Each structure stands twice: as C-alpha cells, then as structure tokens.
Amino acid sequence: MERRHWKVILIVGIAFHVLAAFMMPLGLDAHVHVTYVTDEMNDGEGHLEWGKLRQESTEGSIPEETPSDGKWFAWHLIIQIWFTVFGTSVGALHALSLGIGLVCLSTIFLATKYLFNEERALEITALASIYPPLIRATGRFYQESAILMIVTIATCCIIKGLQNRGDNRWWIFPAIAMFVIASFKGMPLWMPLLAVGGLAILQRVSVNIVGYVSLALLMEVFVVYRNGVSPLTIDIFVALLASSLGAIIFLYFAVLFARPSPEIQDNDSFLLQKGTYVILASLIGWVAGLWVSEANFSGASLFDTLLTLRNNPRYLTLLFVPLLYIRFLNDRTYRLISEESSRIAYLFIVGMIATNIVVLSLSTGERGTEVIGEQLNDEIEEHQDILFISDSNVAMHRMYSMHLTLDPQSDKTNTAIWRTAESGWEVELQQCEALKNIHWIVVDYTGLDESPEGWKSVEIDRKSSINPGYQLLVWAGESIRCT
C-alpha cells in the first residue's frame, strides 16, 4: 500500500475519533468514575452515594455510601484536574477523551519514528486510527487510549534499555508506568511487583503454548476466587475460550492481519515477545475471570453476560504496539501489508472501516439516562428520591449514568434506588418504608407495561435520539406520599 493510501486512512481514522467524541454517549464505567470524582470534589472524599455496584440482591439496591478507597487514583486525578479547569459536564469529558485519543495516536507515531522510521510510523498510526476499540474508547471515555499511550512510551524505553544494557535510565519510565496502569484499573499496587517477579522467572524458562494456556487459566481462577466466586464451574472454561476468541479477533486479525508469527532471530525481539505473550495470556485470563464474576454477581447466565460485556476484550488493546514492535525489531524490512497477505489485510482494513461506520451510524449506545438526568436536574426538588426500574445485567451502572447530568456538582440531597420490574416495588411504594421518599420513577429501556396508580407520565425531551422504552413518572396523587 502506498504512502498516500495510509495518509487517507489516517485522515479517515481521525475523523472517526472526532465523530465518536460528538456522537457516542459516555460509557457506563466512565459515569461511575465521574461520580467518584465529583463527590470527592464536593466534600473531599470520593463515594458512590447511591450504593455499591455489585449488590447482594439481584432484585434491588440498598442506598449506602461506597468509598473508592484510593482505587483509580491516577485516573480520577486526571478527571479532577480537567473538571477544575473546564467545568463539570458531559461535553468537557468528551473533549478530554478526544484529546487523549489524538495524543495517543501522536505518541504512537513519534515513538515508532524514533525507533524505526517515518514510513512505519505512518503505517502503524493509520492502523491505530481506525482500530475500533480505540475509537470506542474515545467516544465513551474508556481508558484504552490513555493506557496504550503509556504502554507505547514504556515499550520504546524497554527496547532502548535492551539495546543499551549499561544505561538503566531507560527502565525508569516502564517501572512508573506499571504502577500508573495498575492505578488506572483499580488494582492493588502489589500486583505490578508480582507481575515483574513472574516475568523475571518466566524469562529464564522455556514456555510453550501449554504453559501460556495454563497461565491464562491460573489468572482466571485467581480473579474469580478474589471476587468471592467459586471457580468450580464449567463457565471457567467457556469464558476462557470466549476470551481467547476475543484475542484472536482484536489482535491477531485486526492488528497482525492473521499473519503467522515469524521465526524470531533477534534476541531483543525474543525477550520482548516472551514478555508480551505472558501479558497476553494474563489478560485473556483476566477478561475471562471478569465475565465469570459478573455473571455470578448479576445472577445472569454466562452467555447473557458475554453479550452484555462483549467489548471487554478491549483490555487487550494495550498490546497493539508491542506486538508490532516485536516484528519490526526482528525484521527491519517487515511491512504491515506484505504481497502474500495483501488481500486479507485489505479485507480487514475495509472491515474495520465498515464496522466504525455502522457503529457511528446505527448504534452509538444508550443515552436515555443521561437525557433523563439532565431533565430531572431542572425539575427535581430537595429530598425527592428516584426509583430506577431496570432488568439490565448492569442496572447499577445504568443508574449511575444519570448522576453526572442530574447532579454535576454532587451536592444534591436526592437518592436513586434500583429495583427490577418483578421485585414487587409497587408494594414497597405502598408500604412507605425503604421507598418512602420516592417522588420520581425512571424506567430504563427494558420497559414497564403500565404505570402504577397515582403516578403520571412525564414527557421526556427526545431531541437526542433515545430508546422509546425509557419512561419518566412523577407522583401525582391527591395527597402527599407517605405522610
């Protein structure tokens, strides 16, 4: 492929990022992080004030403050600084996300040019620009672009460190990067130390495919057990298979264009490859463990959870650059598209572009709770609580997705409480105990057949395209509720 073609792809990719930032709603995880940040900006301590994300009951929530306990410190600090400068709003967050996405692409270009040449830098940056997980990260304010940017710089430093073994300064940034990424993902800071120890041991022994599979399975069992879920289930193997399939799609097809791994002759490439494969196996196990855990927490089947959280293999995005750098190092003439692989490479490139067009045109994501939250911001009064009706597997996440627009400064007294449609919430409303302060009912797109007596439907501002299943109800009885 000629240089001008890569430039066109890069321009198209940048356009995708800009469109995603304007068209996609913030992701569910993004809303949760923002809730922590706005609460900390308000009172100095970051909490989820409407209850923890993983409730013991599968039919409803208990509103109680859940602290962040210092998790995600680095990620939350970035958001807090941005909000302090540009204000707390959905638009400000989309601007930050777009900035991170574009800086990530710039970092990939500059690092690749520094290590290799401008031609390869253009190719890999153009490919990254149309890579669907990165575009989704820009649109929904996920962490993948920020993490890939850090990993790219760290990988560049590792390569220079391997090439200049007497100069230990190159290893400073990779050491810091491990702890920053761990903080981004809310992991305990002892895990990077454990990872370094494991990598050091595995670099000294020969590891085959069986070893990598065993490592992935061990990581999955660790994640599941750490989350308080029994690993003695067939779901362990089904999830591991699904996660491996995700790795094939997200990395082997979309990044390497299904080209087989070459024979590694360069020693630096061999060391980098071994470390990358260890991280790959660990991530496959990590994603599988999250799927099994979430299925257990939500009471849903594993297949429903896989469908709901089908984009979780995006965590593998951090290996985008290392996998290509391995091949660049091993073969200085390596090109992303060879004569032998040109047809399948063009097919995957067209497929990624088409995927992005379809996503941006037809299914950018649910934004109903954002819209309803903004509307409630103008209408809700002090001490009027909200009942959120949802049968979603991630209902608590969806409930928090209206927090930013409802209470951007996190200084209101309103509380939201979640119930499923079949939980018997109508009876609870009449009992005036746990739901005594409920004045508004928000029904997500999973729908509600009919409104309970005494409640009036409120017209939702549908300037933004949202699922027609969303409903907003307000108490309209002749007397005050629960007097």
Side-chain angles (χ1 to χ4, degrees), residues 25-28 31-32 35 48-55 57-63 90 298-300 304 307-308 363-381 383-407 412 414-477 481-482:
L26 296 175
L28 298 181
H31 276 290
V32 172
T35 302
L48 295 180
E49 296 181 321
W50 295 347
K52 56 187 179 182
L53 296 176
R54 297 184 176 98
Q55 295 286 323
S57 171
T58 58
E59 294 189 339
S61 65
I62 298 175
V90 171
S298 65
D304 286 341
L307 181 62
T308 302
S363 178
T364 55
E366 295 293 343
R367 66 171 70 246
T369 42
E370 279 187 15
V371 173
I372 292 174
E374 186 174 8
Q375 185 168 338
L376 282 174
N377 187 333
D378 297 327
E379 301 182 23
I380 199 167
E381 298 179 6
H383 305 294
Q384 291 183 349
D385 290 346
I386 303 163
L387 179 62
F388 181 67
I389 307 297
S390 173
D391 290 332
S392 168
N393 293 343
V394 285
M396 289 298 294
H397 288 75
R398 293 201 179 279
M399 186 170 73
Y400 276 109
S401 65
M402 66 181 172
H403 190 282
L404 176 59
T405 50
L406 169 67
D407 187 10
K412 294 183 182 294
N414 313 104
T415 297
I417 302 173
W418 161 61
R419 292 291 186 270
T420 62
E422 303 298 327
S423 63
W425 56 271
E426 300 95 334
V427 176
E428 284 192 89
L429 284 175
Q430 296 174 0
Q431 291 174 341
C432 289
E433 294 178 357
L435 306 183
K436 64 181 179 180
N437 294 323
I438 297 298
H439 192 82
W440 298 84
I441 299 177
V442 174
V443 184
D444 83 348
Y445 67 93
T446 52
L448 186 65
D449 293 333
E450 58 183 30
S451 302
E453 184 179 353
W455 295 82
K456 180 181 70 174
S457 178
V458 177
E459 185 177 355
I460 300 174
D461 181 2
R462 297 185 183 272
K463 292 179 181 178
S464 299
S465 178
I466 66 172
N467 192 306
Y470 285 99
Q471 299 176 49
L472 178 60
L473 309 176
V474 64
W475 173 249
R481 282 200 70 244
C482 304

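This is a predicted model, so every value here is computed, not measured. Residues: numbered from 1 along the sequence shown.
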Under a 3.5 Å threshold, yes or no: a donor from one side chain and an acceptor from the other, between [X] and [Y]?
X: Arg398; Y: Thr369; value: no
X: Arg367; Y: Tyr470; value: no
X: Ser390; Y: Asp444; value: yes

How close do [X] and [Y] get, heavy atom to heavy atom, and via which atoms?
X: Ser451; Y: Leu473; answer: OG-CD2, 3.6 Å
X: Trp418; Y: Thr58; answer: CH2-O, 3.6 Å
X: Glu379; Y: Val458; answer: OE1-CG1, 4.3 Å
X: Thr420; Y: Trp425; answer: O-CD1, 3.3 Å
X: Ser61; Y: Gln55; answer: CA-OE1, 3.4 Å

For Leu376 and Val442, run side chain to side chain contact (heavy atoms under 4.5 Å, CB included): C-alpha distance rounded to whole Å, both residues' side-chain angles, the deciding distance at 0.1 Å, then the answer. CA-CA 10 Å; Leu376 282 174; Val442 174; 4.1 Å; yes
Say you draw a straight line from [atom1] of [X] to [atom2] of [Y]; how long is it, rounded to the nearest 0.5 Å?
X: Glu370; Y: Leu404; atom1: CD; atom2: CG; value: 7.5 Å
X: Ser401; Y: Met396; atom1: OG; atom2: CE; value: 11.0 Å
X: Gln384; Y: Trp475; atom1: CD; atom2: CH2; value: 13.0 Å
X: Glu49; Y: Lys412; atom1: CD; atom2: NZ; value: 12.5 Å
X: Trp455; Y: His439; atom1: CH2; atom2: NE2; value: 7.0 Å
X: Ile389; Y: Ser423; atom1: CD1; atom2: OG; value: 6.0 Å

Where the side chain of [X] meets the backbone of [Y], is there a donor-acceptor pair that is under 3.5 Å apart?
X: Asp391; Y: Ala421; result: yes
X: Gln375; Y: Glu459; result: yes
X: Ser57; Y: Glu59; result: yes
X: Asp385; Y: Thr415; result: yes
X: Arg481; Y: Ile438; result: yes

Taking side chain as C-beta onward, heavy atoms only, is Thr35 less than 4.5 Å from Asp407? no
Start with the C-alpha distance between Ile386 and Leu406, add both sets of side-chain angles, then the distance that settles side chain to side chain contact (heavy atoms under 4.5 Å, CB included), and finish with yes or no. CA-CA 11 Å; Ile386 303 163; Leu406 169 67; 3.7 Å; yes
Let me see the working for Leu53 and Val394 under side chain to side chain contact (heavy atoms under 4.5 Å, CB included), right down to the final yes or no. CA-CA 8 Å; Leu53 296 176; Val394 285; over 6 Å; no
Ring-plane angle category for Trp50 and Tyr400, please: parallel below 30°, perpendicular beyond 60°, tilted otherwise. parallel
Would you call Arg419 and Glu428 a salt bridge, taking side-chain N to carboxylate O under 4.0 Å as the test? yes
Walk me through it: do Val371 and Ile460 pass the test side chain to side chain contact (heavy atoms under 4.5 Å, CB included)? CA-CA 8 Å; Val371 173; Ile460 300 174; 4.2 Å; yes
